[in-house]
Structure formats: structure tokens, C-alpha cells
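Data block below; observations after.
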Amino acid sequence: MSTDRPAAPESVHFIRAIIDQDNRSGKWGGQVVTRFPPEPNGYLHIGHAKSICLNFGLAKEYGGRCHLRMDDTNPTKEDVEYVESIQEDVRWLGFDWGEHFYFASDYFGRMFSYAEELILKGKAYVCFQTEEEMRATRGTVTEPGTPSPWRDTAPQDNLRLFRQMCAGELPDGHCTLRAKIDMGHANMKMRDLPMVRIRHAHHHRTGDQFCVYPLYDFAHCLSDSVEGITHSICTLEFENNRELYDWFLDNLDGVHHPQQIEFARLRLSYTVMSKRKLLALVKEGQVSGWDDPRMPTIAGLRRRGVTAESIREFAERIGVAKANSTVSVELFESCIRDDLNTRAPRLLAVARPLKVTLTNWPEGQVEELDAALWPHDVPKEGSRALPFSGSLFIERDDFALTPPKGWHRLAPGGEVRLRHAYIIRCDDVVKDDSGEVVELRCSVDLDTRSGSAAADRKVKGTIHWVSAAHAVPAELRLYSRLFRVEDPDAAESYAEALNPDSLEIVRGALVEPAAATMPPDARLQFERQGYFWADPKDSRPEALVFNRIISLKDSWAKAQPAPAPAAKKPEPAKPEPVKPSALSLSPAAEALTKRLGVAPTVARVLDEDAAALAFVEAAIAEGAAPAAAANTVVNDLLPAAKGAALSTLSLNPAGLAALVNLVTKGEISSKQAKEVLAECLGGGESPAAVVKRLGLSEASRGPGSDDAGCLLAAPVLPSTKTSLRQDGSSPHHSTGRAFAAATRLLGLGRLRCSSAGAGAPARRPGARSTPAA
RNA sequence: UGGGGCGUCGACAAGUGGUAAGUCAACGGAUUUUGAUUCCGUUUACCGCAGGUUCGAAUCCUGCCGCCCCAACCA
């Protein structure tokens, strides 16, 4: 396996919190069983990936299991094609369901038995209302519905009727089995929802065995129940369904009852996610298929060259919460680049070639350069032979007849370095009859070969190139966002929302020979252009096709004036409504907020109390952190003085500084500081003395104790939690929680646990979690 | 005008009474034979609003406001 450092501690999102709580209370005996239950009626997309990573990830994290279950209760919509693609996609994402691959249709028989149980209990009835009648009698959100005429049929009659339904004696839509709950219920879902309907349809799996099929609400809770799911995680729109989920399970005898938990589904800017719209793109031919590299489907992303690792990292970075939100696609792109940066060896390729002839290069001479595959800051070794000759191609965009300001590339009379090779000067520009530049005649500075003694001469720019005689032709497919508007769902039509330039096919590109010999699944970087890989379907050794996975960031292009689409005009500065707190803050107080780094409320007090301010200043002079000193004076010392002068307190500025520094150095928490302060003010002891007497020093504490009672008292042995952590990662969360628990126990309120406080190292930027495959 | 949810920096998102993490984006700067990467720094988040409780509130209470979901024999 990889030698990467262990994953950074994940955030304890609310679902992890629920599971932690359940594990503490022993609700499920420490078991975690989740499931990912797609309906096999379409391809999985990045939104599903979030759910997959959540469900499978949680199971893995907690040593449980996650089932893959096809929610195939609607024979008219589902298909084996999708069953297969879903399995492939989940597996490709790096997850394993082991033996636990199920179909809701496996449980149809049991479900119908449960239906009979409800019928016999008078909790379900066969209803002969038409769809329209049912709709009409359901009422509205503000008015109750009216009971069905069949609502009070005797259980035995219902049982007979239901068996007729199941036996195929009744035509489609003739009747349904309904839950008998409450037609006046405030939750519309509870107004006698249908449980089973008649569909004389061929099911992709059960064939013609059944002509009745259960509906979602009835089927889903039972599928979960049968499989022993503990945490049934679904998206927010099912919140209203939870009451029904619980109702079915509560009204059946002796069934396992999982907990349904809802989270916000993923929405991504510049992306559509609904199956309907994705299907439309495919059907209308806007894309080449479900696996078109511009599609947000797993299949599309995979074909594009995006790795499973970057998708998993993305899922972790976006978090899990209950607030509807739209993640900006830049975050996803950042994950993709981040992954590819250390994965992709660097090669040279020219998309739109412009001929360059080196006038002073020895005729016919070919030099084989030894060119590193990795930049200096990627810790990987390796190089390839890169042929250099007197006849080259460079990127057309890297030459400008009249260079704009700040141009680093080639221009008439200008110099540029050829990557891994020499510095050249453009002496002549050859144009054709139409005036188009067709060739550059350049002289090469033979002393400047990369790596040679005199190579350190600096020029502004370095450009990529290929040797004409050695380059290999290739097709480049340059993909960019499918939609040009941030919220395509809000757009009036596809026509206006679609990005007409989402795919640019560049034929006649030239790649260096090494690019043709890379393993088929290798991700490459064509320097200065982007990350690519050979299209898995269309690329052949004799006809290379490279997909651009994602471009490199380009701060030069970004800084240039935008071309055609009018740049957003700056909003006329509208008068900001002045906030009340800002209004009442004097300029002097305002200055204090900046200088001391304190809240306006604190600054105001200090501004109006010269003695207090002087005290703070004195403490700062003694080495106290400004904000901490100010907050302590205002929030603690002033109230303690009860109106008297601060000098009457038995703590002087030096003492305050000492106390504050204990906190900022992480010796004690801010909560403990209160305690210490109280002691100081009471007895006149120095802060250090109090800390010593009470044994509060951080050094005397175990690193991650969960035993709150021990925390403040004495040295503790490594706790269970600590000893279980063998991965060397920081027990950040357990520490934080332990402190919180301790304070709750002692009635002290919250302790600080920040990078400056309780000794939990802050997560360094760049130290990203990399969930193991 | 019912019920169920949700509102913390431009975008995500921690935070669960002790003085607002992190990531992405943006903007500076350093290093760079990729205008990449990396590094360092910056960007006044008063926590939807208004009251209240408290020495102290994003966290508790009250009242408003806004957004999302629910009236398929879809899932």
C-alpha cells in the first residue's frame, strides 16, 4: 500500500456524531451497517459519489459494512444496463460491498407478507379510487383530505382483495393497497399513502413472477429492515418520509428498525445533476453519451481521466451537512489538479504547431536531451530522452508579432528558452501570401543548453516545443465546462446555458515521442497546457487521442483583458447601509479594534475607560498578547473590581501578562485561566504559583484522555482512545471532546481547544487527507 | 395560509455558553527552465433580523424574516 501519511482527521460531521453517540450508548451494539440504494434507471453521477463515499466510507471507518442495493421497485423504468454500470462505477470509486449485493426485488415476497400483516391489523386497505380521485381527496397542505369509501373495509375482505391483486385477477390501476393512517394528517405523506400498485409489467429481474409492485415508502424501510441496516442515510427531500418509514416499522411485529438520517445532496455550480436533464443531454445528442467526458457522471469523469482518488477527496472536502448548498466547481477542479500534480509525469506537446528553423544549428544534427519527468518539488525520479534538432515546432500562441505588455514569450527579435533545451532568438518571420506567419527563423545560443555550465543565463520565458522529425501526430480533445452559466437549472433553456466551446477537437497536434510510449492509463501533463490521458475508447497506438482532463491554472490568460464576452462591469458602488455597531463606535475605539485585535464591544469599553486601557497597555508591555489581555481586562478584571480601580486588585499588569501567556502558550486553557484568575484575585498568589498548586499544567496531562474526571486533577494514563490510535494522527477530536466533556462535568463551560490552546496541532494547509482506497 | 427542514466570510464548512477553525476562490509577495507547482502573507465573518437571559450568547429563550421540501399508483 501507499506510504503516504495517514489521512488527516476528518471533520466530525453530524452523521459521524450520531454514530459516535450510538456507539457510546450501545444502541446498535457498536455495529454500523449502511447501504447505498440506487434505482437502476440511470447512470451514477458525482452527486451519487458523495453518497457512496459517505455510506461506504462510514462503514469502513467504523468497521462495519455497506450494502449495495438496487432499489428496483418500478419495472417500467429500470434496466439491467444500469444495474451493471452502477456496480462498475461503485467499484471504480474504490468501494467493495463484498457479499452484500442486493435487490429490493429479492424481498417482494416478504414485503407482501408484511402487507398482509398490516391488513390483518386493520392498518392497510385495498382502495379502488382512481389516481385522479385519490389526488382529489387527499386534501391540500392546509385542508385535510377525505377518507376513501373503501377505508373501512373489513380486514378479511381486504386480505381477499389483496390476494386477488397479487394473483393478477385485476387490471393495472384498478386498485391499490393503502396504508390506513390519517387523512387529516399535517404531513401529507401520512394521508393513507399507497403501498402496493398493480403493474402487469416485465421486471428486469423477477420477470413475470409479480404483477404487483411495492412503492418506495413501503419497500424502502422494509429493505433496510431485512438487511439489518443501522443507519439509513438519504437526502433531505425524504425528511417528510421519515415519519412514514417509522410508521411501517412500528406497526409490524418484531422487525428491525433502522434510523433514517437525511443530509443535503450535492449541487455543483456549472453542472446539472438531475437524471432527467442528463438523459436529455444524451438523447438530444448534446453529448456523445453517458460517458461523454463533459458529463458529471462517474462514467464521464472516468473517461475524462479524473481519478477515483480525487473524487473521494472532493467528497471529504465538501463535508456533510443539512443545509442546501451549491459547491463551486472550482473546489472539484482543485481536487483534480491536486491529485494530478503529483501523479502525472511532465511531457511536451504542441497543440497548434508553428514551424521554427534554427539557422545556426548544424545541418542534420540530432541531440538527445535527458529531460526530467518531474518538476523539482514532486519527489519522484525519472527522465526520458527528448530529441532536439534544427527543425522544430512551437505553440502558435507562444509567438506574437506585436507582443502585449508583460509578454514573456517569443516575439520578433526576442529571446525565449526552449524547455529542457536552448535559448533561441527570433531573427526572421516568414509569412505566406495572405500575411499569415508560417515560419520563424531563429538562432540558437549553443552555450545555453539546460544543465550545461553556461545555462544559467536568464530569459523571461520558457516555452514548449517538439522536434519536427521526431514528433508524433495526435488528436487533442480539449474539454471545458459543459455549461457556461453558474446555475444551468435556473436557465430558460439549454441553448442559452450550454457552453458552445465545451469541446474543442485539435487535430494535427504533435506530441514528443515519449508520449506515445506511456502506459495506456497514465495521466500526463503536457507542460503549460494541462493534464491529459489517452482516451480509453478512441486512442490507438497509430492514432493517438488525448483527452484534456483539466487545464493548468493560467494567471497570464486571466490577467489579460477578456476577449469576446463582455467583462462584468463593476457594480456601481452602492451606499452600504451603516451597521448600528459601526455607527456607535468612535474613531478611537475603531482604532483599538485594529490595534488590539478585539471585538468592537471590548474596544468601546477600553476607549471609555482610560485606566483599564492603561492596564491593558501595561500588560502588553510585560509581554501579554494584546487581544487576550484586553478581553481579560474587560470581561474579567473590570467585573471583578466591581467599580473600584483596577489597581486595588491583587493582580498587577505583569501578573495578567503571565496569566495570559500561560493560555497563549497552551499551558492552560482559557477556562482554567478563569479559575486561576479567581485564585489570584482571592489570595494574591501569582498565576504560575496557582497553576503549580492546582496541577493544571498541560504537561501533566495525557494527550487524549476521554476520562473527563481525570483531566484537571492528575496525570493520566493513556486512555483507550489514545492507545487505539496507532496511526500517528493527532487525536484532535477526542481531545476536544474530552475537554468539553470535562467542562460539562465540572460545570465550567467550554474550554478552548485551538492550535494556540490545548495543544492540538492545526491541520497544515497542503496536508490533505487521502482516504485509502 | 398546514407540516417538516435550513440560515456562520464570495463558495463549502467547523463550532453544542468563554471571546469565530480549515478548505476553495480572490488579492499581494518569494522561489521557479511549466505565467504551473510550492511557500509566505492579505482579505474588518459582530454568526438572517430584533429583543431577552447571562459577568459573558453563533451557541439558551421569545418574536420576526428568508430559502428548501411535501398534495406521483416515481425514487
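In what follows, chains carry the letters A, B, and so on, assigned in the order in which the sequence lines appear, proteins first and then strands, with residues in each chain numbered from 1. Computed over heavy atoms, backbone and side chain alike; hydrogens, waters and symmetry mates excluded.
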Counterpart base for [N], defined by Watson-Crick or G-U wobble contacts under 3.5 Å:
| N | answer |
| --- | --- |
| C6(B) | G66(B) |
| A14(B) | none |
| A72(B) | none |
| A26(B) | U42(B) |

Relative to the ring of H203(A), is the ring of Y213(A) parallel (under 30°), tilted (30 to 60°) or perpendicular (over 60°)? parallel
Going by the angle between their ring planes, with limits at 30° and 60°, are Y43(A) and Y82(A) parallel, tilted or perpendicular? perpendicular
Just to confirm, is there a sub-4.0 Å distance from OP1 or OP2 of [N] to any side-chain nitrogen or oxygen of [X]?
| X | N | value |
| --- | --- | --- |
| K380(A) | U37(B) | no |
| S325(A) | A11(B) | no |
| K322(A) | G7(B) | no |
| S555(A) | A36(B) | yes |
| R317(A) | G22(B) | no |
| R528(A) | G35(B) | yes |
| K553(A) | A25(B) | yes |

What I want to check is whether an N or O donor and acceptor connect the side chain of [X] with the base of [N] at under 3.5 Å.
| X | N | answer |
| --- | --- | --- |
| N240(A) | G5(B) | no |
| N74(A) | C74(B) | no |
| Q525(A) | U34(B) | yes |

Using the P atom as the reference point in each nucleotide, state the distance between C49(B) and C65(B) in Å, no decimals. 15 Å
From G2(B), A26(B), A11(B), pick the nucleotide closest to the side chain of M188(A)? G2(B)
Stacking between A75(B) and H220(A), yes or no? Criterion: centroid separation under 5.5 angstrom, plane angle under 30 degrees. no
Would one find more than 12 heavy atoms of other residues, nucleotides or ligands at under 6.0 Å from atom NZ of K380(A)? yes
Which residue, F128(A) or H376(A), contacts RNA chain B at a nucleotide closer to its 5' end, judged by nearest heavy atom? H376(A)
